[in-house]
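Please read the structure below before turning to the comments.
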Amino acid sequence: VRLAAAWALVSNVDPQSRAGRELLDSLAYNADQPVGQLQNAAYALARGQTLQALAHYEKALTWDPNSALIRHDYAVLLSTGNRHQEAVRQLETACKLEPTNAEYRYKLALALHELGNISKTIEELRTAVRLDEHHAPAWYNLGLALNSVGQADEGLTALGRAELAAPQD
């Protein structure tokens, strides 16, 4: 229970408290596996330690280069640091490893958009919604992207699909 509570409050838990020490012990115990490195990255991120988180992702990728999940999570962090070209490379590999994962295609499209590659952005968003017709954020961004290249009618259709996919939003 303490460990679950420590994770729930990871950004605020005192590392010297009993729960904090148990969390750190758990992280150390699992650190010799890729998933343990992901846990360490999550802990570092929650504590505002971005450079340490990046190092944990890099180690996890060294140990498991065929993990699309690690590449995806690493790419998201790279993107938040404006390292979009690196994020694109990680996401392209993730998409090759899991070609039917719509979320990876969507995130790749977002990273490509940050680089100004609108045609490839649209292509990846189209792939994302083909893979998951209920992916509202992909439909929404596809609508905006199409509108930005003068395809307003098709953009409005995509925006309508976003509304249908997530009517509560």
Side-chain angles (χ1 to χ4, degrees), residues 7-8 10-11 34-169:
W7 269 116
V10 68
S11 60
V35 71
Q37 289 300 312
L38 289 179
Q39 291 170 335
N40 276 279
Y43 178 83
L45 276 176
R47 308 291 286 194
Q49 302 165 342
T50 305
L51 293 177
Q52 291 91 332
L54 286 167
H56 288 296
Y57 279 120
E58 290 162 5
K59 187 178 282 189
L61 273 177
T62 298
W63 291 345
D64 189 359
N66 294 317
S67 171
L69 173 66
I70 296 171
R71 289 185 181 279
H72 167 268
D73 291 356
Y74 182 43
V76 169
L77 182 55
L78 289 168
S79 285
T80 64
N82 294 319
R83 294 168 62 180
H84 303 296
Q85 190 63 53
E86 293 171 83
V88 165
R89 282 194 299 273
Q90 293 300 326
L91 288 163
E92 285 175 337
T93 303
C95 289
K96 287 178 186 164
L97 292 167
E98 290 189 26
T100 61
N101 188 308
E103 184 66 13
Y104 296 169
R105 295 289 178 167
Y106 169 66
K107 296 283 179 57
L108 175 56
L110 296 180
L112 288 163
H113 185 265
E114 289 295 331
L115 294 175
N117 190 339
I118 193 71
S119 63
K120 190 82 167 124
T121 297
I122 291 171
E123 178 183 327
E124 292 300 336
L125 288 169
R126 287 185 193 277
T127 301
V129 298
R130 182 177 44 78
L131 292 170
D132 179 2
E133 66 184 32
H134 302 291
H135 198 299
W139 280 114
Y140 176 78
N141 282 277
L142 178 59
L144 297 179
L146 289 167
N147 186 59
S148 76
V149 295
Q151 297 177 25
D153 290 341
E154 196 174 350
L156 286 171
T157 300
L159 290 172
R161 293 291 303 265
E163 286 181 22
L164 287 174
Q168 70 283 2
D169 287 346

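Fair warning: this is a prediction, and the values are worked out from it, not measured in the lab.
- Of the N and O atoms on the side chains of Tyr74 and Glu58, at least one donor lies less than 3.5 Å from an acceptor on the other residue.
- Put simply, CG on Leu146 and CG on Asn141 are 10.5 Å apart, with the number rounded to the nearest 0.5 Å.
- Expressed to the nearest 0.5 Å, how far CZ of Arg130 lies from CD of Glu124 amounts to 9.5 Å.
- Partner of Tyr104 under the side-chain contact (heavy atoms from CB on, under 4.5 Å) criterion, chosen from Leu131, Thr127, Leu97, Leu69: Leu69.
- Here the shortest heavy-atom pairing between Leu125 and Tyr106 reads CD2-CD1, 3.8 Å.
- Here the closest non-hydrogen pair linking Ile70 and Tyr57 is CG2-O, 4.1 Å.
- Val88 and Ala111 make their closest contact through CG2-CB, 3.6 Å (heavy atoms, listed as atom of the first residue, atom of the second, distance).
- Between the side chain of Arg83 and the main chain of Ala75, no donor-acceptor pair closer than 3.5 Å is present.
- Closest non-hydrogen pair, Glu98 versus Ala68, comes out as OE2-CB, 3.5 Å.
- Although no hydrogens or angles enter the test, the distance criterion places no donor-acceptor pair under 3.5 Å between the side chain of Asn147 and the main chain of Gly143.
- With rounding to the nearest 0.5 angstrom, the CD1 atom of Ile122 is 6.0 Å from the CD atom of Gln151.
- For the residue pair Gln39 and His56, no side-chain donor N or O sits within less than 3.5 Å of a side-chain acceptor on the partner.
- Between Leu78 and Leu54 there is a side-chain heavy-atom pair separated by less than 4.5 Å.
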Step by step, work out the side chain to side chain contact (heavy atoms under 4.5 Å, CB included) result for Leu159 and Trp139. CA-CA 6 Å; Leu159 290 172; Trp139 280 114; over 6 Å; no
Begin with the C-alpha distance, continue with both residues' side-chain angles, and end with the deciding distance and a verdict on side chain to side chain contact (heavy atoms under 4.5 Å, CB included) for Ser79 and Leu110. CA-CA 9 Å; Ser79 285; Leu110 296 180; over 6 Å; no
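- One finds the CG atom of Leu45 at 7.5 Å from the OG1 atom of Thr80 (value rounded to the nearest 0.5 Å).
- Interatomic distance, Gln90 CD to Asp73 CG, rounded to the nearest 0.5 Å: 11.0 Å.
- Residue Ala138 comes nearest to Ala128 through the heavy atom pair CB-CB, 4.0 Å, listed as atom of the first residue, atom of the second, then distance.
- Judged purely by atom type and a 3.5 angstrom limit, Arg71 uses its side chain to pair as donor or acceptor with the backbone of Pro65.
- Environment of NE2 in His113: sparse, with no more than 12 heavy atoms of neighbouring residues, nucleotides or ligands closer than 6.0 Å.
- Taking all atoms of both residues into account, the shortest heavy-atom contact from Asp132 to Ala102 is CB-CB, 3.6 Å.
- The salt bridge (charged side-chain N to carboxylate O under 4.0 Å, His left out) contacts involving residues 149-167 comprise Arg126-Glu154, where partners must be two or more places apart or lie in separate chains.
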Kindly indicate, with the supporting measurements, whether the criterion side chain to side chain contact (heavy atoms under 4.5 Å, CB included) is fulfilled by Asn101 and His72. CA-CA 11 Å; Asn101 188 308; His72 167 268; over 6 Å; no
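- Rounding to the nearest 0.5 angstrom, the gap separating the CG atom in Leu164 from the NE2 atom in His134 is 10.0 Å.
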With salt bridge (Lys or Arg N to Asp or Glu O under 4.0 Å) as the criterion, how do Glu92 and Lys96 come out once you've worked through the C-alpha distance, each side chain's angles and the decisive distance to 0.1 Å? CA-CA 6 Å; Glu92 285 175 337; Lys96 287 178 186 164; 5.9 Å; no
